[in-house]
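Working notes, beginning with the structure itself.
Just so it is clear, the structure is predicted and the values come from calculations on it, not from any experiment.
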Amino acid sequence: MKPLFAYLDAAQRGEENAEHHGDSPAARALADQVSWTTRMSPDWRLRLLNNLRDYLSAYVTEAYYRRLNVVLPVENLLVHRRVCMAMEPSFDFIERVASGELADDARRALRPLADCTSDVLGAVNDVASYAREASHGDVHNLVMAFSREKGVTVTEAAQATVEFGNRRIRDLEFLTEQIHAHLPPDQRSMAEKFTENCRTWIRGYYEWALITHRFLVADH
């Protein structure tokens, strides 16, 4: 992790071309992502770099909880997952490639949509990945959290996770209508592009979860 944090420090100083990031695949990928953002404003880039730092730091926290075998309560896990699933930098990149840089007030208004999207993706991921994560001692899973919190079986907890994801999809559609109606006319087009990318991301992630081999439990 240290070379990645060193690279982010260098990028914040405007020295991202310096050899601070090492030569690992993760370091090269991080440097490549940041290189796409040179045309964005300095404030936007600083926010991205801070969000990337929070994302990487979340995995240090995950390793700590995994070592202690701590299953977080559902609400705490949701907050944590919005960070460790790279939601913030991912939404930054929606601005970079699709909607354009949002005004601060528009971004704040759209934040509940980002949270809904994150929660839906987490629910999809955690039902699909439960068996693999349980076999590897990974405790950051909504099925585990619902099972522990509600005192129910894994099957019942998986159903609770599906119902939670469906509820957050309904929240996303309801909030989209409410939020867009109250945005200034000059911000609605960019907000619509942002929201459409949220929907596309959910659909794509669901389809990927159905076909990927990532969640298969290896036979021993």
Side-chain angles (χ1 to χ4, degrees), residues 1 26 29 51-94 110-176 195-220:
M1 283 288 195
N51 286 338
L52 288 169
R53 179 183 296 279
D54 290 344
Y55 162 63
L56 295 174
S57 297
Y59 280 93
V60 178
T61 303
E62 280 211 356
Y64 175 76
Y65 285 138
R66 188 181 299 116
R67 184 175 181 181
L68 296 178
N69 196 34
V70 172
V71 179
L72 294 173
V74 171
E75 287 302 318
N76 299 66
L77 180 58
L78 290 171
V79 172
H80 175 73
R81 294 299 292 279
R82 291 168 190 164
V83 182
C84 75
M85 290 185 70
M87 293 299 107
E88 293 293 345
S90 296
F91 288 117
D92 291 334
F93 279 109
I94 286 178
L110 292 169
R111 176 60 204 235
L113 306 186
D115 287 346
C116 287
T117 303
S118 172
D119 293 348
V120 173
L121 296 179
V124 171
N125 179 87
D126 287 1
V127 171
S129 66
Y130 172 80
R132 180 178 177 84
E133 290 177 352
S135 71
H136 285 71
D138 192 337
V139 295
H140 296 87
N141 186 289
L142 279 169
V143 176
M144 296 180 194
F146 274 121
S147 179
R148 176 75 61 89
E149 196 164 291
K150 293 176 176 291
V152 297
T153 66
V154 169
T155 299
E156 292 169 328
Q159 182 59 39
T161 304
V162 171
E163 291 171 356
F164 167 76
N166 288 339
R167 183 168 69 252
R168 293 301 276 161
I169 289 175
R170 293 192 294 271
D171 290 343
L172 175 64
E173 294 307 310
F174 174 78
L175 290 170
T176 294
T195 305
E196 185 56 33
N197 274 267
C198 291
R199 295 191 182 105
T200 300
W201 192 0
I202 291 172
R203 183 171 61 250
Y205 195 94
Y206 176 75
E207 292 175 357
W208 173 79
L210 292 177
I211 64 174
T212 184
H213 295 290
R214 176 184 179 185
F215 300 130
L216 295 179
V217 178
D219 295 326
H220 296 289

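- Looking at Arg67 and Tyr64, their side chains never come closer than 4.5 Å, going by heavy atoms from C-beta outward.
- Atoms CG and CG, on Leu78 and Leu142 in that order, are 5.5 Å from each other to the nearest 0.5 Å.
- Taken from CD1 in Ile94 to OG1 in Thr195, the straight-line distance is 9.0 Å, to the nearest 0.5 Å.
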Please lay out, stage by stage, how Leu172 and Ile202 fare under the test side-chain contact (heavy atoms from CB on, under 4.5 Å). CA-CA 11 Å; Leu172 175 64; Ile202 291 172; 3.8 Å; yes
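- The minimum heavy-atom distance between Gly137 and Arg66, with the atom names listed, is O-CG, 3.3 Å.
- More than 12 heavy atoms of other residues, nucleotides or ligands shown are found within 6.0 angstrom of OH on Tyr59.
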So Thr61 and His140, side-chain contact (heavy atoms from CB on, under 4.5 Å) or not? Walk me through it. CA-CA 11 Å; Thr61 303; His140 296 87; 6.0 Å; no
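- Of the inter-residue distances, the one linking Arg167 atom CZ with Asp119 atom CG reads 9.5 Å to the nearest 0.5 angstrom.
- His80 and Ala58 get closest at one heavy-atom pair: CE1-O, 3.5 Å.
- Rounding to the nearest 0.5 Å places CG of Leu77 at 7.5 Å from SG of Cys84.
- The shortest non-hydrogen separation linking Asn141 to Arg81 is CA-NH1, 4.2 Å.
- Rounding to the nearest 0.5 angstrom, the gap separating the OG atom in Ser90 from the CG atom in Asn197 is 11.5 Å.
- Between Val143 and Ala158, the closest heavy-atom pair is CG1-N, 3.9 Å.
- No donor-acceptor pair under 3.5 Å is formed between the side chain of Thr212 and the backbone N or O of Ala209.
- One distance of note links CZ of Arg148 with CG of Leu72; it measures 10.0 Å at 0.5 Å rounding.
- Between Val152 and Glu156, the shortest heavy-atom distance links the atoms CB-OE1, 3.1 Å.
- For Tyr205, the OH atom sits in a packed shell: over 12 heavy atoms of surrounding residues, nucleotides or ligands are nearer than 6.0 Å.
- What you find for Val139 and Asn69 is that their closest heavy atoms are CG1-OD1, 3.2 Å.
- Each of Asn51, Leu113, Thr117 was checked for a side chain to side chain contact (heavy atoms under 4.5 Å, CB included) with Phe91, and the lone residue meeting it is Thr117.
- In this structure a side-chain-to-backbone donor-acceptor pair under 3.5 Å is present from Glu149 to Val74.
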Take Met85 and Leu121, measure what side-chain contact (heavy atoms from CB on, under 4.5 Å) needs, and give me the verdict at the end. CA-CA 9 Å; Met85 290 185 70; Leu121 296 179; 4.1 Å; yes
Does the salt bridge (Lys or Arg N to Asp or Glu O under 4.0 Å) test come out yes or no for Arg199 and Glu196, once each step is laid out? CA-CA 5 Å; Arg199 295 191 182 105; Glu196 185 56 33; 3.2 Å; yes
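- Residue Tyr65 qualifies as open at atom OH: its count of foreign heavy atoms under 6.0 Å is 12 or below.
- A salt bridge links Arg111 to Asp115: one of the charged nitrogens lies within less than 4.0 Å of a carboxylate oxygen.
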The test is side-chain contact (heavy atoms from CB on, under 4.5 Å); show your working for Phe164 and Asp126 and say whether it passes. CA-CA 12 Å; Phe164 167 76; Asp126 287 1; over 6 Å; no
